[in-house]
Amino acid sequence: MKYYLVAGEASGDLHGANLMKALKAEDGEAVFRYFGGDKMEAEGGELVKHYADMAFMGFTEVVLNLRTIFKNLKACKEDIMRWKPEVLILIDFPGFNLKIAEFAKANGIKVCYYISPKVWAWNQKRVLKIKKVVDHMFCILPFEVDFYQEWGMKVDYVGNPLLDEIAQFTPDRDFRNGHQLGDEKIIALLPGSRRQEIERLLPVMLSLTAHYPDYIFAIAAAPNFTEAYYRQFTGDEKVKLLFNQTYNLLHHAHAAIVASGTATLETALFKVPQVVVYKGGTISIAIARLLVKIKFISLVNLIVNKKIVTELIQEDCNTQKVKAELDLIIAGAEREAMLKHYDELLLLMGKPGASAKTAGLITGYLK
């Protein structure tokens, strides 16, 4: 069976890789071609385009990069038609992938969508288009099943693939020594994997280092950037830069400052108290505030449907406010309360097995 996958960012690459591994277990003759990243490439098949050339964050950034986006869409469509897969598997990344879904459906290719677009956040009528162009939707957030049901669409809830990834993780016993981290408590900095978010958030995160001389600060660096890229922000600061070590870092971290996104959920699943931060372009944020209808931006708060972690957005994402929140979760009652709330989250998330369940459903639907 020929499987064509499209993932447009780091989290999609991670989930795509796990799904490919599970598909190989279901289908011994599985062949893969994909837009993705290093983790998917490690599972075999052929990488057509890396997500580093595709991920643009915010309304303004998308408009400024429309030429590149249209070029990528054209290349993806042409490559799908040349390869003629039995199934197209789209992973999140809705601005791009819903257009690819429409194209594939029009050309008689079965479309599976893994990790639902966040249509519940804004412009919910997009579900009507999804019903037309997606054959099977696989959701990873519990509340999405009821949402789609309200719009008359049946979906499969498969659990969350992050649980799979974390279940497979084995801590490196020599992590601290190997990276000269010493015995001090670690504050993890997770500024995201996109250039725009790193450049907006990392300077704010690094501004905290002078206030905590007894702690070690360590950045979870995205593999699609170089050490030199990060060092332009860190300068001579005694900040550790760790590539491909996010889970080891979270395993040892005492607290974290995290860019809104998948990393907030990963941090919570490792039971690390966190402050969630986000900054976008001025116009992008203004548009988002008009359109987005959800109470929270972090997955942690969205899943539990109440405030567990503090979210500092745009003008609130500054040294003073981040420090105030970090102080609360380093020690004391706020820290303990957050850790107890994480237990609620874990119960709602369920058990590992999302990748295997999704792979079984996909191969079953194709028979």
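Side-chain atoms of Asn318 come within 3.5 Å of backbone atoms of Lys321 as a donor-acceptor pair (strictly under, hydrogens ignored). For the pair Lys323 (side chain) and His211 (backbone), a donor-acceptor distance under 3.5 Å is absent. Judged by distance alone, the side chain of Glu184 and the main-chain N or O of Tyr215 form no donor-acceptor pair under 3.5 Å. Checked by atom type and distance alone, the side chain of Asn244 never pairs as donor or acceptor with a backbone atom of Pro223 at under 3.5 Å. Side chain of Lys351 to backbone of Gly159: no donor-acceptor contact under 3.5 angstrom is found. In terms of modelled atom types and a separation under 3.5 Å, the side chain of Glu78 and the main chain of Ala75 share no donor-acceptor contact. Not one N or O on the side chain of Lys367 forms a donor-acceptor pair closer than 3.5 Å with the backbone of Thr363. Under the 3.5 Å distance criterion, the side-chain polar atoms of Asp164 are matched with a main-chain donor or acceptor of Gly353. A distance-only check finds no donor-acceptor pair linking the side chain of Asn224 to the backbone of Ala52 [under 3.5 Å]. Listed for the Thr358 side chain is a donor-acceptor partner under 3.5 Å among the backbone atoms of Ala354.
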Just list the side-chain donor-acceptor pairs under 3.5 Å for residues 105-115, sequence neighbours left out, or say none.
from: Lys105; atom 1: NZ; to: Asp135; atom 2: OD1; distance (Å): 2.5
from: Asn107; atom 1: ND2; to: Phe103; atom 2: O; distance (Å): 2.8
from: Tyr113; atom 1: OH; to: Asp92; atom 2: O; distance (Å): 2.5

Check residues 38-48 and write down every donor-acceptor pair under 3.5 Å in which the side-chain atom is one partner and the other belongs to a residue at least two apart or another chain.
from: Asp38; atom 1: OD1; to: His50; atom 2: NE2; distance (Å): 3.1
from: Glu43; atom 1: OE1; to: Lys24; atom 2: NZ; distance (Å): 2.9
from: Glu46; atom 1: OE1; to: Arg33; atom 2: NH1; distance (Å): 3.0

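Within the structure, the salt bridge (charged side-chain N to carboxylate O under 4.0 Å, His left out) test picks out the following pairs touching residues 219-229 (sequence neighbours left out): Glu227-Arg231.
Evaluation of the side chain to side chain donor-acceptor pair (under 3.5 Å) rule for His341 yields Glu344 as partners, not counting sequence neighbours. With sequence neighbours excluded, no residue forms a side chain to side chain donor-acceptor pair (under 3.5 Å) with Ser11. For Asp343, the side chain to side chain donor-acceptor pair (under 3.5 Å) partners at least two apart in sequence or on another chain are Lys271.
Interatomic distance, CG of Leu326 versus CD1 of Ile187, reported as 4.5 Å (0.5 Å rounding). To the nearest 0.5 Å, atom CZ of residue Phe175 and atom CD1 of residue Ile186 are 6.0 Å apart. Interatomic distance, Leu162 CG to Leu269 CG, rounded to the nearest 0.5 Å: 6.5 Å.
Heavy-atom contacts from other residues, nucleotides or ligands closer than 6.0 Å to CD of Gln232 number more than 12. Surrounding NZ of Lys129 are more than 12 heavy atoms belonging to other residues, nucleotides or ligands, all under 6.0 Å away.
Under the 3.5 Å distance criterion, with hydrogens and angles disregarded, a donor-acceptor pair is assigned to the side chains of Ser207 and Thr319. Between the side chains of Tyr342 and Gln274, at least one donor N or O lies within less than 3.5 Å of an accepting N or O. Checked by atom type, the side-chain pair Ser116/Tyr148 shows a donor-acceptor distance below 3.5 Å.
The nearest pair of heavy atoms linking Phe143 to Leu302 is CE2-O, 3.8 Å. Across every non-hydrogen atom of Val155 and Val145, the tightest pair is CG2-CA, 4.0 Å.
The six-membered or imidazole ring of Tyr247 lies away from that of His251, with a centre-to-centre distance of 6.0 Å or more.
With Trp151 as the aromatic partner, Lys131 does not meet the cation-pi criteria of under 6.0 angstrom to the ring centre and within 45 degrees of the ring axis.
Each of Leu312, Asp316, Ile257 was evaluated against Glu325; a single residue qualifies, Leu312, per the side chain to side chain contact (heavy atoms under 4.5 Å, CB included) test.
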